[in-house]
Every structure is written in C-alpha cells, then in structure tokens.
Amino acid sequence: MLVRNVGSILQMQSAQPYGRVSKNRNKIMAIDAHNLRSQFLHLLRTRRTPQVPLCVIPGKPVNDPLYQEFPKPIFSEVMASCPKEDIPNMKELLLEQNFYLTTEEGEQGRLPFLVLSMKETNKKKRPAIVFLHSTNKCKEWLRPLLQAYASRGYIAVAIDSRYHGERATNMTTYRDALISSWKKGDTMPFIYDTVWDLIKLADYLTEREDSDSSRIGITGESLGGMHAWFAAFADTRYSVVVPINGVQGFRWAIEHDRWQGRVDSIKDVFEEACSDLGKNEIDKEVVEKVWDRIAPGLASQFDSPYTVPVIAPRPLLILNGEEDPRCPIAGLDIPTSSVCKACADADCPLNFKVIAQAGVGHQMTPLMVNEASNWFDRLLKV
C-alpha cells in the first residue's frame with residue numbers, strides 16, 4: 001500500500017477535525033476557488049429549467065431494485081466488512097426512511113433517497129454521511145454500508161444517481177441518456193447533473209432536525225467517487241470527503257494515452273460519437289469531444305488539478321487502486337501537490353491523504369472501506 005501524505009511517502013497520522021482548521025487561508029486561492037465554483041454552478045444552471053422550491057415527499061422501500069447490469073449483483077462482502085456496532089436488537093432500533101426530493105422540473109428532477117439511522121429518544125444532532133453508488137447500481141446496493149454507519153451513530157444517506165435505480169426504466173436507461181447527451185447537448189448525465197442533486201440534498205440535510213449541518217460527509221465508489229469529488233468542490237457544506245476509485249486527471253489521461261480504461265466503462269457513447277465523427281476507431285480527438293459535450297470543462301477548467309484543491313482545507317482522503325486503469329495514480333501528482341500546499345497554507349497538512357493500494361485495480365477493497373470508516377470517525381465524531 002502506498003500512502004501519500006503531504007505529497008510524499010510519510011507516516012500516517014490523524015487529521016485535524018475540520019472545525020479546528022486555521023481560518024488563515026491563502027487569499028488568492030480563496031478568490032480562485034470562489035470564481036471557479038461560480039463558473040461551475042453557472043454551468044449547472046444553464047442545463048435545467050428554473051429552480052423549484054425544496055420539496056420532500058415520503059416514499060416506500062424498493063423491494064426489487066433495478067440494476068443495469070447482468071448478472072444482477074446480490075451481495076457485497078467488501079461493504080459487509082465495514083465496522084459496525086454489535087447491537088442485539090438492531091432491527092428494532094434501526095429507522096429506515098425513504099423520500100423523494102424535488103431538485104428541478106421534469107422526471108429526472110425527482111431524487112429518490114434512502115436514510116438509515118438509529119432511533120433516538122434524545123434530541124442530539126448527529127453527523128450525516130452521503131454514500132454514492134457506482135455505475136449501473138443503485139442506492140439499495142449500499143445498504144450494508146448504511147447499516148454499519150447507522151449502528152455507529154451516523155445518519156446514513158444514499159441516493160439514486162441520474163438514470164439509475166428508481167430513475168431508470170430499463171437496462172439501458174443510463175446508456176441511452178449518455179448517447180442523448182452527446183447528440184443533443186441538453187443534459188449532463190455523466191457526473192454533473194447528479195452533482196446538482198447533491199447540492200439540493202445538502203439543502204435538505206442542513207434543515208433536517210437530527211443532523212448537524214457542520215458535520216456532513218460524502219463518499220462514493222467509482223462513478224460515486226466522482227460524484228463525491230465534484231459535489232464537495234461545488235458545495236462546501238460537505239465537510240469531510242472520501243472519493244473511492246473516483247479521482248483522476250482527465251486531461252492527463254488524454255495527453256498520456258491512458259484514457260482507455262475510463263472510456264471502456266461507458267463505451268457506447270464513445271462508439272456513437274466515433275461513428276458520428278466519421279472515424280473508424282475511438283481516438284484522443286473523439287474522447288476530448290465527448291467529454292466537452294457531455295461534461296463541459298471536465299478535461300479543462302474543471303479537471304482535478306483545479307477542482308480537487310478547492311476542497312481543501314476540508315479533510316480529504318483519496319482511495320485508489322495503484323493499478324487502476326480508470327483512475328491512473330500518476331495522473332494525480334499535480335492535484336495532490338496543490339492540495340498539499342493548500343492544506344499547509346491553512347496550517348492543517350494532515351487533512352489530506354492519498355492511499356493507493358498495491359496490486360489493486362478498479363475495485364473497492366476491505367482496506368478502503370475501513371480506511372474511509374476510520375477517516376470519518378476521526379473527523380466527524382467529535
């Protein structure tokens with residue numbers, strides 16, 4: 001396992017709770033962060049109808065969730081390895097809530113989310129953590145993590161990302177949305193539209209009576225890791241951040257011919273673009289044009305060297321496989337260096353860590369699950 005702390009291989013140490021971070025940030029960086037975030041939020045607003053009031057509607061448990069992959073996944077031993085409290089009457093004490101949050105007009109503006117927490121008689125506010133699923137899965141897939149964190153006193157939340165779970169109608173809904181985005185350019189189903197939902201979810205969590213608005217964490221795997229990264233960039237209310245197999249340098253991948261792994265994960269849209277552009281095979285030009293179309297700025301001003309440092313000095317743990325073809329670890333050198341400087345300038349160098357697990361590709365492992373759990377416990381349970 002390679003551990004990078006403050007830009008080099010150092011001993012692992014506990015980070016400082018966010019509330020204790022020095023307020024003396026570099027003023028130039030703060031201005032840049034504000035401008036970059038404003039540009040991104042402006043982009044999000046240009047692709048949707050006028051904003052709607054925050055509206056939460058009760059829902060019901062999903063008995064047969066839709067997975068857009070075959071064979072249908074059944075159970076994750078990796079997620080089941082998450083530390084949990086041994087509570088004999090867990091079933092009786094566990095509170096499950098299902099809701100729909102209106103984030104914008106239209107069918108995809110109905111955000112389904114699941115909340116698990118322990119029934120409490122006192123009015124003490126608790127930390128909340130948002131969990132985000134990977135491509136083709138859904139919020140129900142994350143139930144083992146939600147239960148484990150709920151048992152430890154968290155409000156555990158999971159959503160269906162755009163065109164997934166309850167927001168999908170068949171096995172190709174997400175694929176079809178990506179292709180439609182390429183052809184029409186009117187939606188951003190890859191990362192950005194779900195980030196809009198996560199901003200609205202933060203609105204809900206800050207108003208929820210039992211949650212502490214100053215202690216909201218966010219994490220996710222693969223596509224969910226990218227959602228966590230961009231949501232934390234866009235919304236500072238996400239105070240502790242743990243993307244798993246989700247942070248990469250999109251421009252770096254293009255320039256170093258390492259784009260194939262990420263492209264293969266949603267290959268249909270690139271094949272469609274290749275045909276539309278009159279090419280015989282997917283190449284760098286096709287990759288760049290697709291990113292610019294379905295997620296404008298992803299390989300330029302909103303790429304990781306610019307948006308990941310904006311998360312600092314909030315605690316950030318990046319978990320990757322050292323051999324991950326979709327998130328090549330070499331592509332993180334520049335953003336890692338920038339985050340280290342930002343945290344050092346804010347007098348909290350231990351608020352940032354990168355762990356690249358040796359011999360591991362694009363997969364979540366028990367080590368990653370446990371590192372994420374320890375990170376949240378250190379920084380949110382204060």
Side-chain angles (χ1 to χ4, degrees), residues 1 12-20 61-62 65 73-99 113-134 137-159 201 204-206 208-221 224-225 228 238-244 315-317 319 351 353 355 357 364-382:
M1 175 179 68
M12 297 174 65
Q13 302 182 52
S14 298
Q16 306 170 47
Y18 180 55
R20 302 174 193 171
V62 178
I74 300 175
F75 178 73
S76 171
E77 292 183 2
V78 171
M79 288 192 291
S81 71
C82 187
K84 59 181 74 68
E85 290 293 330
D86 185 13
I87 302 175
N89 55 338
M90 178 75 174
K91 286 186 177 180
E92 290 75 22
L93 295 177
L94 186 66
L95 174 64
E96 175 174 336
Q97 298 171 296
N98 290 268
F99 298 107
F113 66 104
L114 166 65
V115 183
L116 294 187
S117 61
M118 300 302 293
K119 297 175 183 176
E120 298 284 355
T121 55
N122 59 49
K123 299 294 183 180
K124 183 179 179 181
K125 289 183 178 291
R126 289 171 277 176
I129 300 181
V130 177
F131 297 84
L132 303 159
H133 61 78
S134 56
K137 291 186 172 65
C138 58
K139 62 185 182 300
E140 285 75 24
W141 175 248
L142 299 168
R143 190 176 288 274
L145 289 178
L146 302 183
Q147 291 176 341
Y149 276 82
S151 76
R152 306 203 319 264
Y154 291 95
I155 298 170
V157 184
I159 72 167
L201 182 67
Y204 164 79
L205 290 174
T206 56
R208 189 177 161 111
E209 291 185 355
D210 58 351
S211 69
D212 184 342
S213 62
S214 68
R215 293 186 291 160
I216 304 177
I218 190 166
T219 184
E221 177 194 5
Y238 290 109
S239 59
V240 180
V241 190
V242 184
I244 302 174
L316 170 63
L317 170 64
L319 296 166
N351 274 19
K353 186 188 298 182
I355 298 178
Q357 188 173 353
M364 187 165 67
T365 67
L367 182 143
M368 295 177 186
V369 168
N370 280 269
E371 289 290 345
S373 176
N374 292 338
W375 188 260
F376 283 125
D377 280 356
R378 261 190 236 120
L379 296 157
L380 289 179
K381 297 185 76 172
V382 293

Are [X] and [Y] side-chain neighbours, meaning at least one heavy-atom pair lies under 4.5 Å?
| X | Y | value |
| --- | --- | --- |
| L380 | D212 | no |
| W141 | S76 | yes |
| Y238 | L201 | yes |

Of all the heavy-atom pairs spanning [X] and [Y], show the shortest one and how long it is.
| X | Y | result |
| --- | --- | --- |
| I159 | K139 | O-CB, 3.4 Å |
| A150 | A156 | N-CB, 4.4 Å |
| V242 | F376 | CG2-CZ, 3.5 Å |
| R152 | S373 | NH2-OG, 2.8 Å |
| A158 | L142 | CB-CD1, 3.9 Å |
| G220 | A228 | N-CB, 4.2 Å |

Exercise. Can you label the angle between the Y204 ring and the F99 ring as parallel, tilted or perpendicular, going by 30° and 60°?
Key: tilted
For the atom pair [atom1] ([X]) and [atom2] ([Y]), what is the distance rounded to the nearest 0.5 Å?
| X | Y | atom1 | atom2 | answer |
| --- | --- | --- | --- | --- |
| R215 | S239 | CZ | OG | 9.0 Å |
| L317 | M368 | CG | CE | 10.0 Å |
| S151 | L93 | OG | CG | 11.0 Å |
| M118 | D210 | CE | CG | 13.0 Å |
| E221 | L132 | CD | CG | 11.0 Å |
| K125 | K123 | NZ | NZ | 10.5 Å |

Donor-acceptor pair, [X] side chain versus [Y] backbone, under 3.5 Å?
| X | Y | answer |
| --- | --- | --- |
| T219 | F131 | no |
| K353 | L316 | no |
| S211 | L205 | yes |

Exercise. Go through the steps to decide whether V157 and Y149 satisfy the test side chain to side chain contact (heavy atoms under 4.5 Å, CB included), and finish with yes or no.
Key: CA-CA 10 Å; V157 184; Y149 276 82; over 6 Å; no
Practice problem: For S117, check side-chain contact (heavy atoms from CB on, under 4.5 Å) against everything at least two apart and list the hits. | Solution: L95, R126, I155, R208
Exercise. Just jot down the side-chain contact (heavy atoms from CB on, under 4.5 Å) partners of E96, sequence neighbours excluded, or say none.
Key: P61, N98, L114, L116, R143
Self-check item: More than 12 heavy atoms from other groups under 6.0 Å of CD on E77
Solution: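 Atom CD in E77 is not packed in, count stays at 12 or less.
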Quiz item: Take atom NZ in K91; do more than 12 heavy atoms of anything else shown fall under 6.0 Å from it?
Solution: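 Incorrect, the count does not exceed 12.
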Practice problem: Please test T206 against I216 for side chain to side chain contact (heavy atoms under 4.5 Å, CB included), starting from the C-alpha separation and ending with a verdict. | Solution: CA-CA 9 Å; T206 56; I216 304 177; 4.2 Å; yes
